[in-house]
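Okay, structure first, notes after.
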Amino acid sequence: MEEIRTRFAPSPTGYMHVGNLRTALWAYLIARKDPNGKFILRIEDTDQARQVEGAEKIIYDTLKACNLKHDEGPDIGGPYGPYVQSERMRIGLYMKYARELIRRGGAHYCFCDEETINREREEQEARGKSFKFNDPCRHLSPEEAQARVDAGEPFVVRQTIPLSGTTYFDDEVFGRITVENSTLDDSILIKSDGFPTYNFANVIDDHLMKITDVVRGMEYLSSTPKYNLLYDAFGWEKPRYIHCPPVMKDAHHKLSKRNGDASFQDLVAKGYLPDAILNYIAMLGWAPETDQEIFTLEELVQAFNVKRISTSGAIFDTSKLTSINGIWLRNMSPDKYLETVTPYIRQAVTKDYDLAKIAEILQPRINVLNEIPPMLDFLDEMPSYSNDLYVNKKMKTNEEIALTSLKASREALAELNDWNAASLHDCMMALPPKLNFKNGQVLFPIRLAITGKQFTPGGAIEIADILGKEETLARLDRSIAQLEK
């Protein structure tokens with residue numbers, strides 16, 4: 001049986017787009033389903049003008065954060081390197097194969113300038129046709145073309161497309177797709193600066209790196225017939241194709257770097273876990289065979305099946321990602337959760353409180369890590385608040401009831417020697433029957449009086465335990481004085 005080899009081949013042109021990361025993930029899962037499969041990282045930097053400084057580091061950092069470990073790549077090497085296209089160009093690799101393709105009749109030298117091409121475009125559009133470049137240079141004899149190259153004339157290398165007939169390819173998602181060759185134009189394979197275009201370099205590299213399964217966006221469906229013509233011209237075996245449906249911003253717009261849509265780095269900065277992001281984007285356009293929604297990376301490897309990929313675009317739903325992220329947070333062990341949330345707690349809390357107790361009250365309530373700091377701003381410093389907050393229909397409280405509750409609570413808590421959650425619970429829960437009040441008529445005023453906030457991540461008992469006796473009593477004193485005024 002052949003060894004499954006997939007590749008992730010990003011261009012270092014900016015941040016890691018969510019759609020790009022999903023492509024990497026699906027390619028990784030396909031490779032890992034084969035016990036001997038290989039996942040390869042290749043940097044495609046032939047478009048030098050669009051490169052962004054630091055973008056290559058983002059690629060490595062993202063793959064590392066998501067635990068998508070590649071078996072071969074620029075940083076770790078491998079038997080089919082170099083794994084950066086500009087380095088492969090410098091050793092003359094692409095021009096070598098371009099000359100071979102010209103010899104086989106699958107490409108030709110083109111000496112037309114932009115003026116010639118634009119004139120051809122204007123003439124066709126004037127006749128109401130969509131533009132297809134009819135390259136006059138394809139009719140030059142090999143000897144004449146080579147003589148012009150040897151004479152130093154500037155040139156590009158264009159693919160020679162058959163003028164008639166059809167070309168087809170089979171895609172694992174979209175099935176068989178057949179196109180008329182007359183609709184395909186003679187694409188540039190080698191640019192005038194000597195760099196290969198994506199259309200040429202990816203075919204050469206995929207073959208030389210023995211890629212068996214090509215995973216990429218469906219925007220390349222229209223180019224794939226031309227890729228297959230290149231494979232046929234060289235006499236090479238074609239890979240399997242898996243074209244991915246787009247990740248959509250809404251029903252009509254794709255997620256896009258150019259539109260400033262969220263990148264992987266943006267989502268992490270907003271408090272989403274890499275594991276949760278990966279879990280969510282795996283199912284953007286793919287459906288498992290069961291109703292399971294939460295997957296570890298290892299579980300995704302077992303469950304993933306390309307036959308379950310949809311042909312239609314998947315809308316990126318931030319609320320669904322938030323829900324999945326919350327489940328991942330709640331499923332963490334207490335120790336792992338404390339480690340994860342501590343930096344966020346420390347953004348709001350500088351005093352010497354028990355961070356484990358704070359984490360414990362957060363875990364059932366938080367969906368995104370960035371929700372934490374504003375929830376805890378009352379711990380370091382009691383905020384000012386209005387007495388109107390004590391008026392609550394649901395809790396059946398008003399300022400008079402609150403004042404009665406707080407005075408009784410202050411007296412009972414002052415006598416408490418063992419300050420812990422259990423003793424605080426017993427103390428506070430004993431007050432409502434003594435006062436002939438409902439539980440909420442006692443606990444709600446206490447929580448408001450010691451936090452200054454209507455909504456908090458924990459109840460009166462939990463927060464008093466975290467604040468400690470001295471701070472709790474001091475805050476009760478201030479709130480009682482505020483009510484008495």
Side-chain angles (χ1 to χ4, degrees), residues 1-11 19-20 22-24 26-27 29-31 33-34 37 39-40 42 44 46 85 94 97-98 100-101 104-107 130 132-133 157-189 196-247 254 285-286 304-313:
M1 294 179 65
E2 68 174 342
E3 172 187 85
I4 299 298
R5 292 176 60 85
T6 67
R7 47 76 164 170
F8 177 50
S11 300
N20 287 351
R22 188 194 60 177
T23 298
W26 284 2
L29 297 176
I30 291 168
K33 285 191 81 71
D34 175 3
F39 174 59
I40 293 95
R42 184 173 74 224
E44 298 197 336
T46 56
Q85 283 187 337
Y94 303 113
Y97 280 95
E100 173 65 14
L101 190 62
R104 289 171 171 265
S130 59
K132 178 181 183 297
F133 182 52
V157 176
R158 288 185 180 274
Q159 185 174 4
T160 303
I161 301 291
L163 299 176
S164 61
T166 61
T167 299
Y168 75 90
F169 68 95
D170 292 313
D171 184 79
E172 296 294 311
V173 178
F174 291 88
R176 176 160 293 191
I177 295 177
T178 303
V179 300
E180 297 287 336
N181 290 333
S182 60
T183 65
L184 305 175
D185 59 0
D186 294 356
S187 301
I188 294 176
L189 305 180
T197 60
Y198 169 85
N199 291 325
F200 188 52
N202 89 89
V203 169
I204 302 302
D205 291 341
D206 284 346
H207 171 72
L208 295 179
M209 294 180 184
K210 302 186 183 300
I211 302 302
T212 62
D213 295 69
V214 171
V215 185
R216 60 181 168 223
M218 66 176 289
E219 62 269 22
Y220 293 106
L221 280 171
S222 60
S223 301
T224 302
K226 291 190 281 189
Y227 302 153
N228 273 9
L229 287 171
L230 292 174
Y231 280 104
D232 288 340
F234 280 116
W236 294 341
E237 184 178 353
K238 304 177 188 73
R240 283 184 291 271
Y241 295 112
I242 300 98
H243 285 90
C244 313
V247 179
K254 292 198 303 181
W286 169 77
F304 191 74
N305 183 344
V306 296
K307 298 301 182 184
R308 304 281 299 179
I309 295 176
S310 170
T311 57
S312 57

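- Ion pairing between D185 and K226 holds under the 4.0 Å rule for side-chain N and carboxylate O.
- Shown are V306, D213, I309; of these, the side chain to side chain contact (heavy atoms under 4.5 Å, CB included) with W26 is made only by I309.
- Nearest heavy-atom pair across L229 and P162 is CD1-CD, 3.9 Å.
- Between the side chain of T167 and the main chain of P225, no donor-acceptor pair closer than 3.5 Å is present.
- Here the closest non-hydrogen pair linking L221 and I177 is CD2-CD1, 3.7 Å.
- Atom OG1 of T224 and atom CE of M218 lie 11.0 Å apart (nearest 0.5 Å).
- In this structure, K238 does not pair ionically with D170, as no charged nitrogen and carboxylate oxygen lie closer than 4.0 Å.
- Under a 3.5 Å cut-off, the side chain of T212 and the backbone N or O of R5 do form a donor-acceptor pair.
- Proximity of Y97 to V203: side-chain heavy atoms (C-beta onward) are nowhere separated by under 4.5 Å.
- In this structure, W236 and H207 have parallel ring planes: the angle between them is below the 30° cut-off, well short of the 60° mark.
- Distance check, rounded to the nearest 0.5 Å: CZ of F174 to OG of S310 gives 7.5 Å.
- Looking at heavy atoms from C-beta onward, Y198 lies out of side-chain contact with Q85 at the 4.5 angstrom threshold.
- By the 4.5 Å heavy-atom criterion applied to side chains, R42 and M209 are counted as neighbours.
- A search for ring pair (Phe, Tyr, Trp, His ring centres under 6.0 Å) contacts involving Y168 returns nothing, not counting sequence neighbours.
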Legend entry - Verdict with supporting geometry, I4 and K33, side-chain contact (heavy atoms from CB on, under 4.5 Å): CA-CA 9 Å; I4 299 298; K33 285 191 81 71; over 6 Å; no
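- Proximity of a side-chain donor or acceptor of D186 to a complementary backbone N or O of T160 within less than 3.5 Å is not detected.
- Legend: residues meeting side-chain contact (heavy atoms from CB on, under 4.5 Å) with A27, ordered by chain and number and at least two apart, are T6, F39, V215.
- Among all heavy-atom pairs drawn from L189 and A107, the shortest one is CD1-CB, 4.0 Å.
- How far CG of L29 is from CZ of R22: 12.0 Å, rounded to the nearest 0.5 Å.
- In the model, Y220 has no side-chain atom that pairs as donor or acceptor with a side-chain atom of N202 under 3.5 Å.
- Side chains of I188 and F200 form no contact here, defined as non-hydrogen atoms less than 4.5 Å apart.
- Atom SG of C244 sits about 12.0 Å away from atom CD of E172, to the nearest 0.5 Å.
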Inset, instruction - Check step by step if side-chain contact (heavy atoms from CB on, under 4.5 Å) holds for N181 and L163. - result: CA-CA 6 Å; N181 290 333; L163 299 176; over 6 Å; no
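- Interatomic distance, E2 CD to R240 CZ, rounded to the nearest 0.5 Å: 4.5 Å.
- Among all heavy-atom pairs drawn from V214 and R216, the shortest one is CG1-NH1, 3.4 Å.
- Residues S11 and E44 share a closest heavy-atom pair of OG-O, 3.1 Å.
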Inset, instruction - Begin from the C-alpha positions of N228 and Y241 and carry the test side-chain contact (heavy atoms from CB on, under 4.5 Å) through to its verdict. - result: CA-CA 11 Å; N228 273 9; Y241 295 112; 2.6 Å; yes
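- With sequence neighbours excluded, no residue satisfies ring pair (Phe, Tyr, Trp, His ring centres under 6.0 Å) with Y227.
- Residues S222 and L184 share a closest heavy-atom pair of O-CD2, 4.5 Å.
- Here the side chains of V173 and T311 are in contact, with some heavy-atom distance below 4.5 Å.
- For the atom pair NZ of K210 and CD of E3, the computed distance is 10.0 Å after rounding to the nearest 0.5 Å.
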